[in-house]
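Take a look at the structure below.
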Amino acid sequence: MEMAKVIVDVPSKDTDRPFDYLVPASLRPWIEVGSRVGVPFGHRTLQGFVVSLHPRPEMDTSKMKPIQEVLDVLPPLSRELVQLGEWMKERYACRQITALQSMLPTALKGKAERYISLPERSDTPDETEGLFSLQPESEEEERILGFVGQRGEVTIQQLSRAFPDQADVIKTLLARGMLSEHQQIKDKLQKKTMKAVELAVEKAAAEAALGDFPAKAQRQREVLSYLLEIEPLLPISQKELLQTLGVTAGTVKALADKGLIAIKDVEVFRDPYRGRHFKPSEPLVLTEEQQRVYDKIVHKLDERQHGVFLLHGVTGSGKTEIYLQTIQRCLQQERQAIVLVPEISLTPQMVERFKARFGDRVAVMHSRLSDGERYDEWRKIREGRASVVVGARSAVFAPFDRLGLIIMDEEHETSYKQEETPKYHARDVAIHRAALSGAAVILGSATPSLESYHAARSQAQDDFAPVLLEMHSRALGNRLPEVRVVDMREQLREGNRSMFSIPLHEAIAARLERGEQTVLLLNRRGYSTFVMCRSCGYVAGCPECDISLTYHQKSNNLRCHYCGYAAPSPDVCPDCGSEHIRYFGTGTQRVEEELAKLFPGIRVIRMDVDTTTEKGSHEKLLQQFRDKKADVLLGTQMVAKGLDFPDVTLVGVITADSALNLPDFRAAEKTFQLLTQVAGRAGRHQLPGEVVIQSYTPEHYSIIHASGHDYLSFVKDELKHRKALHYPPYCRLILVTLSHEQLPLLVRTAENYAAMVKKEADRRGWFGSLDRFAADALDILGPVASPIPRLKNRYRFQCMIKWRGTMDAVSLTRDAAEQLQESVRDSGLAISIDVDPQMLM
DNA sequence: AGCACGCCGACT
DNA sequence: GTCGGCGTGCTC
């Protein structure tokens with residue numbers, strides 16, 4: 001019989017490998033590489049993915065179990081995606097099942113459902129027959145058997161709801177073979193859930209139970225008294241409970257079996273969405289510059305070979321039209337295309353441009369879709385009803401079978417890096433996926449990441465290094481806007497203490513007079529609105545995460561934006577009792593207030609996390625601005641992205657350098673990118689544009705070069721710094737974060753870890769300063785406390801590994817982590833590995 | 001991750 | 001002796 005290798009849905013070290021199963025002849029026609037199957041695993045049935053098929057296995061098949069069921073008519077993964085999963089496992093040090101699961105909509109994360117039924121009559125007597133009675137021995141048993149017999153098949157949940165406190169009787173019936181159980185995978189077509197725990201009995205009853213608990217059940221007692229003590233109004237997360245009390249899931253389950261507590265699946269969140277209609281559009285005539293770029297890409301498409309292009313084009317140079325026309329070519333070849341855009345710019349206007357050109361053949365994947373809607377879009381792709389997908393990061397896994405082109409717009413955006421496991425970068429995944437299917441990749445940006453630009457310029461004999469394509473002029477022939485940098489220190493010296501400099505003030509006034517519009521950007525990165533006491537310096541912080549709480553005006557409370565902790569905003573200082581406690585930071589509200597003071601009657605639309613949380617509010621605000629219902633659009637980063645309004649002739653940046661001093665080696669790059677993006681918002685049409693940038697460090701090269709629209713000079717300066725300090729693109733990084741509840745143990749363990757990595761690298765002759773001219777080099781920095789030193793009651797330490805060369809540094813760090821996990825018996829230790837991290841703070 | 005197995009300390 | 005909690009190890 002044929003056999004299949006299957007990756008099962010258990011994300012742990014021991015099970016992170018294929019398991020062998022027999023392929024029953026009856027299922028054979030439905031099983032391919034990439035099929036989702038239900039397989040017996042230990043005492044349960046699990047979901048798994050077929051990663052290979054073997055017609056005539058040479059190994060011993062006697063111990064193998066057969067695949068139990070096939071879950072889909074069309075395999076949800078292609079051979080190529082399965083291969084991509086293997087690559088991700090090595091590249092990002094994640095579990096293979098985690099990589100595969102991340103490619104699919106959550107609707108396809110099936111879980112076994114346990115069904116109870118009456119056993120089939122068999123002629124051959126069961127061996128248990130002599131030992132047990134096959135007749136019901138009590139009225140209770142009779143009632144249960146009757147209930148099951150009447151329905152034919154029931155779930156455990158139904159049965160235990162109908163017969164509460166009869167778990168033991170049911171178990172006995174199962175053991176005697178009078179009831180039989182089978183498991184089947186059921187798709188989770190609903191929302192995201194987590195296991196949560198709550199008391200199942202009245203408080204008094206629980207306290208009573210606590211009293212006459214067996215002395216032995218110490219752990220259970222702890223759990224129960226903890227629940228009584230904190231008295232949660234809602235079920236609390238099982239995971240957190242286990243971490244807090246240092247108990248195992250078994251203990252919690254024992255309590256649940258006793259009926260004292262209940263374990264439930266609780267919905268985490270959900271949000272709906274609605275579609276729209278689109279006017280058709282025709283291809284535009286390309287400029288000479290666009291045509292040259294187009295020809296190069298199409299040449300590669302026609303070869304049907306893997307190729308990567310870095311399309312560097314100034315804002316307004318018409319990159320989108322290049323995307324549209326290359327996609328058209330790709331479709332003519334009967335191949336399919338993926339368009340990746342940053343989550344934040346995946347607006348209806350953006351989608352409209354693609355739908356207008358390609359109609360129904362466009363599927364859209366964005367994070368605001370509900371699981372059900374996302375599943376529908378996914379099926380549209382899988383079943384061949386769509387041949388173009390426009391989507392955020394995860395759309396790179398769209399289940400096309402004849403992929404010809406992957407486009408990544410705003411290639412430099414950090415949101416292409418997934419911050420949860422698997423911590424992949426969509427750019428790298430895109431390039432590797434394209435290599436597997438002979439597709440072309442276009443990375444487009446006005447401000448390419450230094451990694452991509454450096455790779456393109458150095459043109460190593462690496463297949464994956466992009467070919468550089470440049471567009472220097474705007475498609476409509478208009479000029480880039482004038483940029484004026486205002487030195488805010490000088491303003492202060494001249495006695496202007498307002499957050500608006502005189503030039504910006506005058507420029508806004510002029511726009512108001514002429515009936516033109518203004519976009520104001522508040523670079524809030526690096527600022528937060530925290531609460532501080534001006535008498536004693538007390539700052540309200542999160543009790544579990546050691547970071548300051550953020551003030552939210554709408555709800556007048558303080559929140560931790562890492563763990564979600566919320567507390568009412570204090571009226572008096574909790575430390576010294578002073579009333580001089582207030583919130584600090586340059587919030588958009590404050591700018592709005594000041595604008596109203598300076599320009600009475602000014603109409604402002606404010607766009608920030610507070611005003612755009614509601615579904616659709618983002619688009620609504622932009623539409624109002626487009627309809628000229630306001631003079632000023634004021635916002636954070638989100639106003640810098642891809643917006644295109646004809647009457648905007650002024651862009652003001654309130655503080656350009658607020659992010660420059662952050663402990664992040666990409667601070668200058670991010671500042672330059674943001675300023676360049678936002679400057680590109682002005683004067684895109686007939687009216688000439690003006691940009692005013694306010695800065696406290698106007699001499700900084702990122703600000704000087706942004707004001708001169710001079711990407712090349714910026715790159716030159718920035719690369720000098722990167723080279724001197726050994727940062728990407730001159731080396732690669734791996735960030736290893738260790739966390740534990742106990743600080744001393746954590747520190748010891750982290751030091752151990754660094755020593756282990758050092759020792760192993762040394763053994764291979766890699767370890768040492770990157771200053772040396774060795775081809776293979778590795779340095780490890782730390783351990784040091786993480787930028788977030790404590791999160792959800794766990795201390796965090798990190799090591800930064802810098803490396804270059806052809807070595808496998810990822811497996812080195814991963815192996816060391818696993819070795820360490822084994823040596824520290826305490827399971828409370830968590831180690832996270834982030835390959836090529838984006839967020840360093 | 002779950003679930004059975006088996007060790008070992010508190011009860012009849 | 002035996003019941004049951006809780007750590008250990010395995011899953012094709």
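This one's a predicted model, so the numbers in the text were calculated from it and none came from an experiment. In what follows, chains carry the letters A, B, and so on, assigned in the order in which the sequence lines appear, proteins first and then strands, with residues in each chain numbered from 1.
Using a 4.0 Å heavy-atom criterion, one finds that A:R95 contacts no nucleic acid atom at all. Note on A:D9: nothing from the nucleic acid sits closer than 4.0 angstrom, heavy atoms only. Nucleic acid contact for A:P18: none, since no nucleic acid atom lies under 4.0 Å from a heavy atom of the residue.
Ion pairing of A:K417 with A:D834 is present here, as a side-chain N (NZ or NE/NH1/NH2) and a carboxylate O approach within less than 4.0 Å. Between A:D9 and A:K109 there is a salt bridge, with a side-chain nitrogen of the basic residue lying less than 4.0 Å from a carboxylate oxygen of the acidic one. Salt bridge present: A:E140 and A:R143 bring a charged side-chain N and a carboxylate O closer than 4.0 Å.
Taking atom CD1 of residue A:I185 and atom C1' of nucleotide B:dA1, one finds them 14 Å apart after rounding to whole Å. Taking atom CZ of A:F19 as the reference point, atom C1' of C:dC12 lies 7 Å away to the nearest angstrom. The nearest whole Å value for the distance from the CD atom in A:Q47 to the C1' atom in C:dT11 is 17 Å. When rounded to the nearest whole Å, the span between CG of A:L46 and P of C:dT11 equals 14 Å. Spacing between atom CZ of A:F41 and atom C1' of C:dC10 amounts to 8 Å, rounded to whole angstrom units.
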Review point. Should A:E343 and A:R393 be marked as a side-chain contact (heavy atoms from CB on, under 4.5 Å) after you check the CA-CA gap, both sets of side-chain angles, and the distance that decides it?
Key: CA-CA 8 Å; A:E343 187 68 61; A:R393 190 170 60 223; over 6 Å; no
Point to revise | side chain to side chain donor-acceptor pair (under 3.5 Å) assessment of A:K792 paired with A:S739 | key: CA-CA 10 Å; A:K792 295 188 183 170; A:S739 68; over 6 Å; no
Practice item. Report the C-alpha separation of A:D16 and A:I97 in whole Å, then their side-chain angles, then the decisive distance to 0.1 Å, and conclude whether the side-chain contact (heavy atoms from CB on, under 4.5 Å) test is met. Key: CA-CA 7 Å; A:D16 191 20; A:I97 188 65; 5.6 Å; no
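Residues satisfying the side-chain contact (heavy atoms from CB on, under 4.5 Å) test with A:P105, not counting sequence neighbours, are A:L108, A:R374, A:Y375, A:W378.
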Enumerate the protein-to-nucleotides 4-6 of chain C contacts in which both atoms are nitrogen or oxygen and the separation is below 3.5 Å.
from	atom 1	to	atom 2	distance (Å)
C:dG5	OP1	A:K258	NZ	3.3
C:dC6	OP1	A:K216	O	3.3
C:dC6	OP1	A:Q218	N	3.2
C:dC6	OP1	A:R219	N	3.0

Using nucleotides 3-6 of chain B, report all nitrogen or oxygen pairs with the protein that are shorter than 3.5 Å.
none

